[in-house]
Amino acid sequence: MKSVVKFLLFMTLGIIVTLGAVASLFLVRGGVFYKNEAVSPGACKNIALSGGSAEDIQTNRLSKIAYLSVLDRRAIGNGKHLTGTVLSLDLGADNPVPQPALISQPDDFRPHGLSLFTNVSGRTSLFVLNHAEDGEKIELFIKDGDDPAFEHIRTFSSPLLIKPNDIVAISESSFYVANDSGASNALERAAEMLLAIGLSPLVYFDGTTFSIPADDLKSAGGINVNQERTKLFVGETLGKSIKVYDLNTDGAVYGEPETISLAGGVDNIDVDANGVLWIANHTNTLSLIKHFTDASSPSPTQIQTITFNAYDQVKITTVYEEDGTTFSAGSVANRVGDQILMGSITEKRVRICQMQGG
């Protein structure tokens, strides 16, 4: 009898220790103990948005026109049935004012990730993830040359779009999509969240067929390519890292990816005119969850750059960081000239900072 009691005590102690270890790892991974510093590149100002927040931003650097994925995401999270749109912002203007960017859009349009592709004749394609109520979709909009706005021309859908977060165009007809979850049940979702098990699939559309070239990402967030379209960058929110894949001339990934580790949960990735990566990180993902339901509880914003040297070594620099009291839940940053344009998951405004020294 004593041996049975002893065994049960050891089992109970083992379970308690295991649960404690899992909880501790979860808190560390969630960034609860991370201390944000106050970092800014220069003077900043806010521009108000009507209709919601700009979770993702894509900028045409030749025209200096930024395109904003606008939706009231907190209201959606509270169960309201709302739609959103894409707005444009002229960063070359002294006082930029958000303008409609779409001539037409689907009736049930809840935009998320964006991607621009301009061909040699000046025709620009805008791919937009759409969390429609009847299923996940990708909407394609087109504008020619100096046309002021985009027209909706096509909708893509696939069962492989499980929980899409971001998209990057490889050509006018091909693209990659990052799913931020691959869980098919509550147990798998718990494994993703608590243990950072990589289950998220990377989806590729080659112009004809959807496929999954990788299915082990740790909650894929942002995604982008270099200017030569030879490297694909995929952010892992729970993995606190970026996977770097090599691309063939046809746009398909090959080989094993490299990993760049970061201090926060990676959200959107932008690539500037010099090939520098601009990363929005959530340094405290638990505060982000709380902030999404309680606007009075701030969530830190961190913007970092990744610069590659001739030997593919990386330099990571923090360009903007704060505790969220000024600008919460920053999710994207675009550099255009001497300006940095930031968007947020929840803030109904964008933030523009002027870089000191250019």
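Keep in mind that the numbers below use all heavy atoms, side chains included, and drop hydrogens, waters and symmetry copies.
Note that the CG atom of Asp56 and the CG atom of Leu71 stand 12.5 Å from one another [nearest 0.5 Å]. Asp108 contributes atom CG, which lies 7.5 Å from atom OG1 of Thr83 (distance to the nearest 0.5 angstrom). Atoms CG and CG, from Asp250 and Leu247 in turn, are 9.0 Å apart once rounded to the nearest 0.5 Å. A distance of 4.5 Å separates CG in Leu89 from CD1 in Ile47, rounded to the nearest 0.5 Å. Interatomic distance, Asn165 CG to Glu55 CD, rounded to the nearest 0.5 Å: 6.0 Å. From Asn274, atom CG reaches atom CZ of Arg335 across 7.0 Å, with rounding to the nearest 0.5 Å.
Counting non-hydrogen atoms of other residues, nucleotides and ligands closer than 6.0 Å to CD of Glu133 gives a total above 12. Heavy-atom contacts from other residues, nucleotides or ligands closer than 6.0 Å to NZ of Lys45 number more than 12. No more than 12 heavy atoms of other residues, nucleotides or ligands shown are found within 6.0 angstrom of CG on Asp146. For Glu258, the CD atom is loosely surrounded, since the number of other residues' heavy atoms within 6.0 Å does not exceed 12.
Remark: the His282 side chain and the Asp267 side chain contain an N/O donor-acceptor pair separated by less than 3.5 Å. For Ser261 and Ser241, the side-chain atoms include no donor-acceptor pair closer than 3.5 Å. With hydrogens and angles left out, the side-chain atoms of Ser181 and Glu192 include a donor and acceptor closer than 3.5 Å. For Gln58 and Asn334, the side-chain atoms include no donor-acceptor pair closer than 3.5 Å. In this model, a donor atom of one side chain and an acceptor atom of the other lie less than 3.5 Å apart for Gln304 and Asn281.
With respect to the salt-bridge test (charged N to carboxylate O, under 4.0 angstrom), the residues Arg74 and Asp294 do not qualify. Ion pairing of Lys64 with Asp90 is absent here, as no side-chain N (NZ or NE/NH1/NH2) approaches a carboxylate O to less than 4.0 Å. Salt bridge Lys80/Asp72: absent, no basic N to carboxylate O contact under 4.0 Å. Salt bridge annotation for Arg154-Glu139: absent, with no cationic side-chain nitrogen under 4.0 angstrom from a carboxylate oxygen.
Remark: side-chain polar atoms of Glu347 are paired, donor with acceptor, to backbone N or O of Ser328 under 3.5 angstrom. Counting only distance, with no hydrogens or angles, the side chain of Asp270 and the backbone of Trp278 share no donor-acceptor pair below 3.5 Å.
You'll find the ring centres of Phe127 and Phe117 outside the 6.0 Å limit. A ring-centre distance under 6.0 Å is found for Tyr67 and Phe150.
Counting all heavy atoms, side chain and backbone alike, Ser115 lies closest to Ala169 at OG-N, 2.8 Å.
The aromatic rings of Phe156 and Phe210 sit perpendicular, their planes meeting at an angle over 60°, well past the 30° parallel limit.
With a 4.5 Å cut-off between side-chain heavy atoms of Ile, Leu, Val, Met, Phe, Trp and Tyr, the cluster of Phe308 takes in Phe233, Ile242, Val244, Ile260, Leu262, Val266, Ile269, Val271, Leu277, Ile279, Ile306, Val314, Ile316.
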